[in-house]
Amino acid sequence: MIGKEITTMRTRILSAFIAVLFSTATYGITRDDVVANAAPFKDLRWSSKNSLDSCKATTWISTPHAANKTVTGMAYNWGGNNTIAEFNKAIAGTGYPGNKCTKTQGNPGLSKNTWGVDCSGFFGRIFGITGKLNTTMIRDMTVAVRGDRAGLRTGDILVKAGDHVAIYLSGTPTGAPLIVESSGYDWRVVQRTAKWSEFPKSYESKRYAQLQDAGIAKFNGMTAPTIRRGAKLVTNLTLRESDGNGITYDGIGLSIYNDSMTVKYGDALATQKVAFRGDEVRKFNFSVTNGLQPGTYRIIAIGKVGSRWTPFVPKVPYLNNTRFTITK
Amino acid sequence: MQFVFTYVLLIALAAPAIADDLLGPGQNRQDHLSTLITTEAVPAPRDPRRERQVRVPETYKPVVALAVTYGDGPGQLGFMAGGSDQRALGPLSFAVDVEGDSIAILDPVNQRVVTFNRYGLPRGTIDDARGTDLALMPDGIGVLDTATATLVVHSPNGTRTEVEVSPEQSKLIVDAATGAVYFRERRDGTTTLDAAVRAPAAEVFRVDDHAGEIRTEDGFTIPVHTAETFGSIDLVGIDRGGNIFVEVEQLLPDSDVIKEVRKYRPSGELRAVIPIAIDYAAHPRRELVLDGAGNLYHLRPLAHGVVVERWEQQP
């Protein structure tokens, strides 16, 4: 009896783990999502009657903006990780908008009743990551961008562990980087044209591992949505790189998941480098005699950058299109 | 809501007088100058990668226009160290009048503006000045606050005039030759655009991985080539002689950056290349300013204090 309960519990824990893993691994964020998620923070207009400049023991609060002024962009708050709703609600009450009283200013820890985001809190919010990150964690959870500065694309980051992180949006006509960040320079979330010299080599060009590298990726021409066990599964895959900048993958592949989100099969569609030049569509044919057990499955397309495989834009409607069934 | 472009012409000689008027009692004294150890220009770290530069007919050398230590005392500038997930912050922007007689530095740490004369002596302080850019104007010192989209003009008599500006205005545009300051004013109601701010007399663009170009208002295109990967190009200013100064950043293979200012004749001839050290303890937003005579000022917030160098053409 006890053994069965333990087994059941293990199954539940495993299921929960797989569900979390799947939600992280496949419901990723696109580059468009990054821009869209950043917009409400940089465009937020607010004012507050609460202002304090007392960066010293017992308070450790120094608000960066004057009281009763309309400010655009959520306030910079060292150690902050607030949502827009939390911020608005707090500063409408007794909360202080932002805090520039940091550890280097003598503040031993995070101050109470100050609201906003710092650079890494902002990163976490727009990438949908639960919990407060710091720049070292962000550095460690991201992968190097191929080509470094030249390979940066919308949604990539420039990060210096222990110091700062900024989100790269695009290049400008003069070649300077357009970024969005929460920084002590502006004491708020701001989108601005920066200079490359602001990001010397101590800053790494990184990419969030779950950031989808393709603008659109979808299967079409699925010839056997219902097939018998042992029959040939034939389909083709269309990948469209839509953000116009181009990218080279070290490989293109696919994975087949069962309904428990367990990977049952994986195969490479291309083991050589595959270069997309701007807005380009490529097709890959796939055919395999399956040895899968009867049941329903999903196909996920994956791209390899460096040694890491990342799923392509597997949003829910797309996932539905890739379902297939194996019958007895 | 409509936008109208307005401009204010800086009367060149007015700026020093303004700065003098801003002095508090006893503030214009030598003992209030917080000097660094050296009075020599702080040399840029020698970088052999610069040796590839082409030979040019003109030579520029730096002299120290001012040197101050960090702090919140008279004539000092604030500095907030980086670390613990906080980027270092120091002087953010500066302005020099058209004759080079007055220098104003925006100090966001102390939330003030500190002014100096041409010998580096502090002249005065404007407290409670929040913003990201500033300029010397005929009726005072204008501080642009992009957070609130306002330009606050601090006049010598202590009054403050607040002007609503376009939210897109990220910095003030200063004509080095005349001292004219341009900004986009935001007003309600009907306005005309015939008072539009004139565009800078040249615009700059990145072309490809090894080239940019300058397009002048006369319709000329001046190519700007680089040996290393072209990073970005920015217009510093145009002096009274019509010489065009552009800031060029190049990206090295290891992602480090080298920066230089190039001086071009309106005809497109490259006259000088000025290496710009970027060994900042905190990176300013506006680090290069040109005066009317073509002297280039470089704001360098270093580890132990701030130096403003004036690069002068050698005979």
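To find a chain, count down the sequence lines: A is the first, B the second, and so on, and within it residues start at 1.
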Contacts of [range] with chain B (heavy atom under 4.5 Å):
range: residues 167-186 of chain A; result: A:P173, A:T174, A:G175, A:A176, A:E181, A:G184, A:Y185, A:D186
range: residues 121-129 of chain A; result: none
range: residues 95-115 of chain A; result: A:K100, A:T102, A:K103, A:T104, A:Q105
range: residues 54-75 of chain A; result: A:T63, A:P64, A:H65, A:A66, A:K69, A:T70, A:V71, A:T72

In terms of heavy-atom proximity below 4.5 Å to chain A, should [X] be classed as side chain, backbone, both, or neither?
X: B:Q86; value: both
X: B:T229; value: neither
X: B:R87; value: both
X: B:Q111; value: side chain
X: B:A88; value: backbone

Donor-acceptor under 3.5 Å (B:D256 side chain, A:P200 main chain): no
Say you draw a straight line from [atom1] of [X] to [atom2] of [Y]; how long is it, rounded to the nearest 0.5 Å?
X: A:D118; Y: B:S84; atom1: CG; atom2: OG; value: 11.0 Å
X: B:L252; Y: A:R149; atom1: CG; atom2: CZ; value: 11.0 Å
X: B:E287; Y: A:K195; atom1: CD; atom2: NZ; value: 4.0 Å

Specify which of B:G82, B:G83, B:G212 makes the most heavy-atom pairs with chain A at under 4.5 Å. B:G83
Identify which of B:V204, B:I233, B:D234 forms the greatest number of heavy-atom pairs closer than 4.5 Å to chain A. B:I233
Work out which heavy atom in B:L89 is nearest to a heavy atom in A:W187; give both atom names and the distance. CD2-CZ2, 3.4 Å
B:T146 and A:R192: side chain to side chain contact (heavy atoms under 4.5 Å, CB included), yes or no, with the steps? CA-CA 11 Å; B:T146 54; A:R192 67 182 179 88; over 6 Å; no
In terms of heavy-atom proximity below 4.5 Å to chain B, should A:W78 be classed as side chain, backbone, both, or neither? side chain
We want to know whether A:E198 and B:Y280 form a side-chain donor-acceptor pair, criterion being a heavy-atom distance below 3.5 angstrom. no
Just wondering, do A:S197 and B:I278 contact through their side chains at under 4.5 Å, heavy atoms? yes
